[in-house]
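Data first, discussion second: the structure below is written as structure tokens.
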Amino acid sequence: MSGPSSQTLSHAVMRAPDAVHFGRGARRSLAAAVAELGSRALMVVDPFLARSESFAEALDALDSSGVAVRVHSEVVPELPVAEVVAAADAARAWHPDVVVAWGGGSALDLGKLVALLLSQPGPLSDYYGENRVRGPVLPIVAVPTTAGTGSEATPVAVVSDPDRALKVGVSDARLVPRVAIVDPDLTVGAPAHVTAHSGIDAIVHCAESFTAVARDPEWSERLPIFVGRNRLSALLALDGLRAMGTALPRAVALGDDLDAREQMAWGSLLGGLAFGSGGTHLSHALQYPIGAMTHTPHGLGTGLMLPYVLQACRAETQPQLAEMAVALGVATGSPTDDAQAAIDRLAEICAEIGLAPSLAELGLTRSQLPQVAELAAGVTRLTALASVAATPDLLMRILDAAFDGDRSRLD
Ligand SMILES: NC(=O)c1ccc[n+]([C@@H]2O[C@H](COP(=O)([O-])OP(=O)(O)OC[C@H]3O[C@@H](n4cnc5c(N)ncnc54)[C@H](O)[C@@H]3O)[C@@H](O)[C@H]2O)c1
Ligand SMILES: [Fe+2]
């Protein structure tokens with residue numbers, strides 16, 4: 001056993017927006033929330049959503065509330081760093097006092113990083129890593145349209161930097177949006193592949209924060225952003241899995257299933273809150289190089305890797321996996337069988353939503369695997385949260401199994 005069950009964890013850390021507005025129609029609370037924070041709003045919006053009726057309504061409501069608005073709608077998926085710098089440069093002379101980010105994870109992360117660059121001296125690379133932001137950041141109001149990265153509630157923003165072989169993150173409590181407005185109706189138009197990739201990432205956030213190591217924090221020192229599984233992250237992650245386990249296949253198959261969309265929006269919010277303190281581990285560490293090498297979406301890589309990673313951690317995380325089996329509705333009462341049932345159910349969900357079943361199908365070559373292992377092993381802030389020692393050797397075994405789509409090799 002790797003540690004106490006979630007009921008007996010003895011410590012907790014929470015990072016969260018000052019306010020969360022969740023529910024169908026919650027988007028209508030935007031204007032009042034923004035007007036509380038400022039009178040000149042920079043709206044960073046996904047180009048697809050910029051043409052939507054909901055966004056036009058939001059602009060009208062902001063105007064009626066006396067908030068002047070400038071719209072930036074050039075958002076490139078997976079967020080190249082040059083786009084972030086260009087967006088901040090374009091907005092600087094306008095002197096916004098609040099940033100509204102509206103869209104998928106790429107738009108939300110762009111909004112968060114523009115808020116950072118407008119408040120603190122650059123370059124952005126100064127802030128790569130954890131706890132590196134030295135002063136206040138413009139207040140951010142986040143409105144997600146995918147379910148999702150959970151970015152509306154996290155201290156994280158992720159960019160692609162051509163100077164680095166991996167995607168890089170800025171993780172700092174000052175990046176947590178002040179207000180998260182989560183309206184499931186805004187996700188209804190997301191196409192099936194976006195629903196699948198962003199939805200499985202939300203499940204990975206819950207599964208990885210729930211299987212991350214639990215260790216007592218060094219309270220006398222500045223806390224790392226990711227402290228590992230804790231009493232609050234565990235509670236949220238398990239509830240997120242409960243909501244999303246059945247909802248994700250439904251949301252992918254039938255995009256206008258409003259109940260499925262609502263469960264997904266709820267689960268991804270909980271996933272963001274859970275991993276915002278608990279952290280993620282090996283699926284994320286491995287996705288960083290895989291995504292950079294194959295130019296595939298974040299959630300496609302984290303989702304594909306999850307069953308393999310959990311299989312490799314099974315012995316060390318059996319109690320957690322057994323609890324996950326209950327949340328996923330596949331428990332039988334035997335902890336050993338239930339641990340495997342949870343992993344099998346997650347693999348089944350990946351198949352049901354049409355994820356590529358192997359790294360070979362994702363476009364990697366076998367000769368690239370050692371480099372993936374080496375780069376992932378270097379993402380120590382995440383690998384340190386795994387319940388197993390993430391040696392290049394173990395990472396190679398996981399990659400090798402995932403390359404051929406054969407989980408049984410990790411038993
Ligand atoms: N900050 C965090 O905590 C965090 C966590 C996980 C992932 N991420 C990052 O988030 C990004 C991925 O975000 P994502 O999965 O939300 O995708 P995305 O924001 O890249 O969007 C993918 C596509 O979906 C479209 N889209 C979004 N919402 C839509 C809607 N409602 N209707 C129709 N089309 C819609 C966009 O126009 C885009 O073409 C990656 O860069 C990833 O690294 C951040
Ligand atoms: Fe993720």
Side-chain angles (χ1 to χ4, degrees), residues 15 27 44-55 73-81 83-84 101-113 116 140 142-161 166-172 175-177 180 183-209 225-226 251 255-256 261 264-265 268-269 271-277 279-288 290-292 295-303 305-306 382:
R15 295 196 181 80
R27 63 188 180 280
V44 175
V45 57
D46 181 284
F48 182 82
L49 279 308
R51 300 189 298 271
S52 67
E53 206 175 305
S54 303
F55 188 68
S73 62
E74 283 146 50
V75 180
V76 178
E78 306 295 319
L79 216 50
V81 68
E83 304 288 330
V84 181
W102 179 305
S106 300
L108 301 192
D109 286 5
L110 177 59
K112 289 160 99 168
L113 294 174
L116 167 63
I140 301 153
V143 188
T145 65
T146 59
T149 63
S151 180
E152 68 273 15
T154 71
V156 181
V158 190
V159 286
S160 311
D161 185 333
L166 305 174
K167 285 188 85 176
V168 278
V170 178
S171 301
D172 196 287
L175 287 190
V176 178
D183 185 336
D185 285 355
L186 293 176
T187 66
V188 169
H193 69 281
V194 171
T195 305
H197 298 159
S198 53
I200 195 69
D201 191 37
I203 286 183
V204 182
H205 294 159
C206 290
E208 290 211 317
S209 60
I225 293 296
F226 301 130
D256 55 6
R261 292 292 192 181
M264 286 307 301
S268 71
L269 169 67
L273 289 167
F275 97 81
S277 68
T280 57
H281 56 89
L282 299 185
S283 306
H284 275 76
L286 288 160
Q287 191 279 330
Y288 284 156
I290 291 169
H295 304 287
T296 49
H298 174 78
L300 174 52
T302 57
M305 291 312 303
L306 180 70
L382 298 184

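Numbering of ligands and ligand atoms starts at 1, following listing order.
- Nearest to atom 15 (O) of ligand 1 by heavy-atom distance, out of Gly148, Ser198, Pro155, Gly150, is Ser198.
- In this structure, Thr195 contributes its side chain and Ala190 its backbone to a donor-acceptor pair below 3.5 Å.
- Within ligand 1, the atoms closer than 4.0 Å to a non-hydrogen atom of Pro77 are 20 (O), numbered from 1 in the order shown.
- Nearest to atom 10 (O) of ligand 1 among the protein's heavy atoms is Thr149 CG2, 3.4 Å.
- Ligand 1 places these atoms under 4.0 Å from at least one heavy atom of His298: 6 (C), 7 (C), 42 (C), 43 (O).
- Within the 4.5 Å cutoff, the side chain of Leu113 has heavy atoms near those of the Leu79 side chain.
- Protein heavy atom nearest atom 36 (C) of ligand 1, with residue, atom name and distance: Asp46 OD2, 3.0 Å.
- When non-hydrogen atoms are compared, ligand 1 lies under 4.0 Å from the side chain of Lys167 (C-beta onward) but not from its backbone.
- When the heavy-atom distances from atom 27 (C) of ligand 1 to Leu110, Val158, Val168, Thr146 are ranked, the shortest goes to Thr146.
- Side chains of Thr280 and Leu382 form a contact here, defined as non-hydrogen atoms less than 4.5 Å apart.
- Contact of the Phe226 side chain with the Val156 side chain is registered, since non-hydrogen atoms from C-beta on lie closer than 4.5 Å.
- For atom 3 (O) of ligand 1, the closest heavy atom belonging to the protein is Thr154 OG1, 2.7 Å.
- Residue contacts with ligand 1: Pro297 is excluded, as none of its non-hydrogen atoms falls under 4.0 Å.
- To the nearest 0.5 Å, atoms NE2 (His284) and CG (Leu306) are separated by 9.5 Å.
- Taking distance alone, with nitrogen or oxygen atoms compared against 3.5 Å, Phe48 stays at or beyond that limit from ligand 1.
- What sits closest to atom 35 (C) of ligand 1 on the protein, heavy atoms only, is Leu49 CD2, 4.0 Å.
- In this structure, atom 1 (N) of ligand 1 is in close contact with the protein, since a protein heavy atom lies within 4.0 Å of it.
- Nearest protein heavy-atom neighbour of atom 20 (O) of ligand 1: Ser106 OG, 2.6 Å.
- A donor-acceptor contact closer than 3.5 angstrom links the side chains of Asp201 and His205.
- Nearest protein heavy-atom neighbour of atom 44 (C) of ligand 1: Asp109 OD2, 3.1 Å.
- Shortest contact from atom 24 (O) of ligand 1 to any protein heavy atom: Val194 CG2, 3.3 Å.
- Annotation: side chain of Glu74 is not in contact with side chain of Leu110 (no heavy-atom distance under 4.5 Å).
- Here the angle at the Fe ion (ligand 2) defined by NE2 in His298 and NE2 in His284 stands at 100°, rounded to 10 degrees.
- Between Lys112 and the options Val44, Thr154, Val176, Val84, a side chain to side chain contact (heavy atoms under 4.5 Å, CB included) holds for only Thr154.
- In terms of N/O distances under 3.5 Å, ligand 1 is approached by Leu186.
- Of the protein's non-hydrogen atoms, the one nearest atom 14 (P) of ligand 1 is Gly105 N, 3.5 Å.
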| What's the verdict on side chain to side chain contact (heavy atoms under 4.5 Å, CB included) for Val204 and Phe275, showing C-alpha distance, side-chain angles and the deciding distance? | CA-CA 10 Å; Val204 182; Phe275 97 81; over 6 Å; no
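- Considering Asp201, Val76, Thr302 only, the shortest heavy-atom separation from atom 6 (C) of ligand 1 involves Asp201.
- Geometry at the Fe ion (ligand 2): OD2/Asp201 and NE2/His205 form an angle of 80°, nearest 10 degrees.
- Contact check for Val158 versus His298: no side-chain heavy atoms found under the 4.5 Å cut-off.
- For the pair His197/Thr296, no side-chain contact is recorded, criterion being any heavy-atom separation below 4.5 Å from C-beta on.
- When side chains are defined from C-beta on, Leu108 counts as touching Glu152, because their heavy atoms get closer than 4.5 Å.
- Counting the atoms of ligand 1 from 1 in the order shown, those under 4.0 Å from a heavy atom of Phe275 are 3 (O), 5 (C).
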